[in-house]
Asks: 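The structure follows.
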Amino acid sequence: MSSHSTAENYQGPPHVHHMDAPTAYSAAKLGMWLFLATEILLFGGLFAAFALFRWMYLEAFEHASQQLAWGWGALNTLVLLFSSFTAAMAVEAAQKGNNQRVFRLLAITIGCGFIFLIIKFIEYRAKYVHGIWPSSAEWNDPQFNAHYKSFFGLYFCMTGLHALHVILGMGLLAWALRKARVNRYSKEYYTPVEVGALYWHLVDLIWIYLFPLLYLVGHPSWHTPFGH
Amino acid sequence: MSHSHSDSHGQGLGHIVPASIFKKVFATLVFLTIVTVAVSLVDLGSMNIVVAMLVASCKALLVALFFMHLKYENPLTWVYAFFPILLLATLLGGVFIDNPMRHAPAPLSAPAK
Amino acid sequence: MSDTQHNTQGDYLHNPSGLWSWVTTTDHKRIGLMYLFTILLFFFVAGISALIMRTELAHAGPDFLKAQQYNVLFTLHGALMIFLFIVPGIPATLGNFLIPLMIGAKDVAFPRLNLLSYYIYVIGAIIAVIAVIPPVETLSFLKSLGFTGPADTGWTFYAPYSLDTGAAIPWMVFAAFVLGFSSILTGLNFIVTIHKLRAPGMTWDRLPVFIWGSYATAVIQTLATPVVGITLLLVIMERLMGVGIFDAKLGGDPVLYEHMFWFYSHPVVYIMVLPAFGIVGEIIPVFSRKPLFGYKMVCYASLAIAIVGFFVWAHHMFVAGISDFSAIAFSVITFGVAVPTAVKVFNWVSTMYKGSISFTTPMLYAMGFVFLFMVAGTTGIFLATLAVDVFYHDTYFVVAHFHYTIQGGAVIGLMAGLHFWFPKITGKMYNELAGKIGWVLVFAGFNLTFIPQFILGMEGMPRRYFDYLPQFQPMHMLSTVGSFINGFGYTFALLNLFYAAMFSKVKAPANPWNSLSLEWKTASPPITENFAETPIVTEGTYNYGRPVEGLAH
């Protein structure tokens, strides 16, 4: 599976010894869809736990949810939706062999990933300052609401795992972007852009559920979009 | 090697979704995000989570169908896109027919009657 | 890379040559062999730990182990056997070797991913091994890294034991997580391979049943493993960060751990045994010289078992305090698994009926498998029955039942497959008489070990106890004697194969068993690219008993 991508002119799909190019393309895509299925179930365990504890400790969960800054969450939702949009456009550009456009669109997508992480960092920091942080002194204080340990425990696990996936997705897109730089894509070969974008959309999909579940269903206040 | 399976296309690789569709989908997604935030600021009691999850599922479906090209994929991809969701529903079902339906055992010192 | 790499017609064992070409290989056949040696190493270690336990249990009363050491040993035995040996046991070894050959492909869909999954397995194995090292002075630096002693919770890592023990649980479950990731990548690779790389004419209704079994297995590997992955990560988070998920002290729910754990770990028994079903389905028609009876039903039954297997997990939790309704529901659904499983047994037996049976070693293992799995299945029905399980739960009856499924099913299936495909893998023939002696030892030793354990369980002997009441003495003694015969049998049988692979002068023909499936149509051992030219399939795999061209006489 060698791709000597030095030439600027057209190369066609990379040669693979054990299958032809259309098979390689559809195999890569099926492989990515299967991987996404595993990701859904990986997060699924967290969603199941969240559903159960929300049912068990409804009041505490709603109260805890109000301490999250839904304004930042909404902004991050828009950032990720936009990045998903540019990733989808990048696939279309790649399918038409427009490598420059692929490069630009993927760069925007990765940039959105950075913005997402920065906003997430601002949110985490606000929580850290208030002592809502696993194993902080406040957290380990017996006075600390035990059900907060479930809510914020899940909050940090879910958003932390999601942020990890954002980083992985950015890496995957950066790999796809590098090939656009050397004009690797044509209508016969654009697999990296497509599988990279698929992965990125999943990151978006998970966030589409995380945002309302964590930030919105606890009756947030209009007056404090960015926290207290 | 494509002889034996019907799920590969004759020529070209995948379906090209025009950019105009992506723009419309993106606009709808932004609109739905505003809707879900707006609704959450109104206290609907236990209906809030129902609305929030319905809107989220609409958004997720839009992303999957158009951004991820699922609408143009073969049945096999559909199976592997939705089977994990079925399994997740199973896990949730298994957890929720257990915990909420448990009842505390009768106290040992209950008076015999 | 040397020029020999381009010699795709040479045999895969020697072409290309050199150690480096092995550790960097993307050839599915070599990766399968690398897996085989690695898992057999852990089979040996975990087997030894079982024998140490059986020695302690030969007599009532503490002999040479302390209770805590016993806890560590049964955890070690379970965790190594499950995560390091039998989950990758058949799929990663014979599955890797055979799937491309059987469907007429040159390799799996993602050869580099295949190699990556092997090394992820190795990393997971190394972490697991370090995590079970007892704390000693000379290795005190390990302690500061969180390796605080071998796990003592049982392989299930139930909360709250796993949250409260001082042992190195975070590392141990992290090892299981890494191993699970390797398993996911293997399963994903196989699903894509079977969908996309079948040779022309190899339609789904011509696929060998081993492929159907491996496909069903791969679905479970891919879709069940992530749930246990996140569960184990949550255990780590709970231990290190004090988040409240499974620990009742922190507001968590320990039963939720069991739900999420068994959501994977019940289907995982089908990861172990479905490929073994496939192996037996390949062997029985060949040595009965009859078409596989009810081929389609055998195939659909594999998928049915895989799917129904996802809906029965809480039958492991009948006494964990789950609601009455869910206990009844899961009990009823569990009976459903018996249907496709019984269909398979009927099909194997019907295939042998009036067949021209030759009792070769692989056939003996396959027939032994059918018998042992029958015992496993029928005792499984007892345990699925809610009212009965309340008494049998956590007794030796359960221990015996799952050893019949996992050892009597998966391991015997693996042994059958190793003997059957040995000529293809190595290009040599093993000593048939020694193979049969090995089978007798394994089969007799196995039954002598575990039949007494059924009786012990019915009498009330609880599992995971290092001591017992004097009335259990005779059965424990029998079981210990059996376990040593069993262990000796495996050693003997595997050494016979190893000896033949290294030193045998008897070259295997391309198709020593006169089988009709594709892997026998290439040389023994196969060439690097599997087939000189892509085969074209024109008929099903099991047309035995009819005049067929090209068979040796």
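Naming: A, B, ... by sequence-line order, numbering from 1 per chain.
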Asks: Given the options Leu42(A), Leu46(A), Leu52(A), which has more heavy-atom pairs under 4.5 Å with chain C than any of the others?
Replies: Leu42(A)

Asks: Are Ser150(A) and Val243(C) side-chain neighbours, meaning at least one heavy-atom pair lies under 4.5 Å?
Replies: no

Asks: Please indicate whether Tyr119(C) has more than 12 foreign heavy atoms, meaning atoms of other residues, nucleotides or ligands, lying under 6.0 Å from its OH.
Replies: yes

Asks: Does any backbone or side-chain atom of Thr222(C) lie under 4.5 Å from a heavy atom of chain A? Answer side chain, backbone, both or neither.
Replies: both

Asks: So do Thr225(C) and Thr38(A) actually touch side chain to side chain, heavy atoms under 4.5 Å?
Replies: no

Asks: NE2 of His17(A) to NZ of Lys106(C): how many Å apart, nearest 0.5 Å?
Replies: 7.5 Å

Asks: So which part of Phe181(C) gets closer than 4.5 Å to some heavy atom of chain A, the side chain, the backbone, both or neither?
Replies: side chain

Asks: With chain C as the partner, which of Ser136(A), Pro134(A), Gly153(A) has the greatest number of non-hydrogen pairs under 4.5 Å?
Replies: Pro134(A)

Asks: Please determine whether the number of non-hydrogen atoms from other residues, nucleotides or ligands lying under 6.0 Å from atom CZ of Phe174(C) exceeds 12.
Replies: no

Asks: Check this for me: Leu164(A), atom CG, are more than 12 non-hydrogen atoms of other residues, nucleotides or ligands nearer than 6.0 Å?
Replies: yes

Asks: Work out which heavy atom in Gly45(A) is nearest to a heavy atom in Met260(C); give both atom names and the distance.
Replies: O-CE, 3.6 Å

Asks: Counting distance only, does the side-chain N/O of His18(A) pair as donor-acceptor with the main-chain N or O of Ala105(C) below 3.5 Å?
Replies: no

Asks: With rounding to the nearest 0.5 angstrom, report the CZ to CE distance, Phe152(A) to Met241(C).
Replies: 14.5 Å

Asks: Taking the side chain as every heavy atom from C-beta outward, state whether Lys149(A) and Ile245(C) have any pair of such atoms under 4.5 Å apart.
Replies: no

Asks: Tell me, for Ile40(A) versus chain C, whether the close heavy atoms (under 4.5 Å) come from the side chain, the backbone, both or neither.
Replies: neither

Asks: With a 4.5 Å cut-off on side-chain heavy atoms, are Leu223(C) and Leu34(A) touching?
Replies: no

Asks: Report which part of Val228(C) has an atom under 4.5 Å of a heavy atom belonging to chain A: side chain, backbone, both, or neither.
Replies: neither

Asks: At a heavy-atom separation under 4.5 Å, does Leu234(C) approach chain A through its side chain, its backbone, both, or neither?
Replies: side chain

Asks: Given the options Leu233(C), Val108(C), Thr231(C), Leu185(C), which has more heavy-atom pairs under 4.5 Å with chain A than any of the others?
Replies: Val108(C)

Asks: Measuring from Phe35(A):CZ to Leu113(C):CG, what's the distance to the nearest 0.5 Å?
Replies: 9.0 Å

Asks: Under 4.5 Å from any heavy atom of chain A, what part of Ile184(C) do you find: side chain, backbone, both or neither?
Replies: side chain

Asks: For residues Met237(C) and Cys157(A), report the shortest heavy-atom separation together with the two atoms involved.
Replies: CG-SG, 3.8 Å

Asks: Can you tell me if His63(A) has over 12 outside heavy atoms packed within less than 6.0 Å of its NE2?
Replies: no

Asks: Side chain from CB out, backbone as N, CA, C, O: work out which of these in Asp253(C) comes under 4.5 Å of a heavy atom of chain A, or both, or neither.
Replies: both

Asks: Which pair of heavy atoms, one from Gly31(A) and one from Leu188(C), lies closest together, and at what distance?
Replies: O-CD1, 3.7 Å

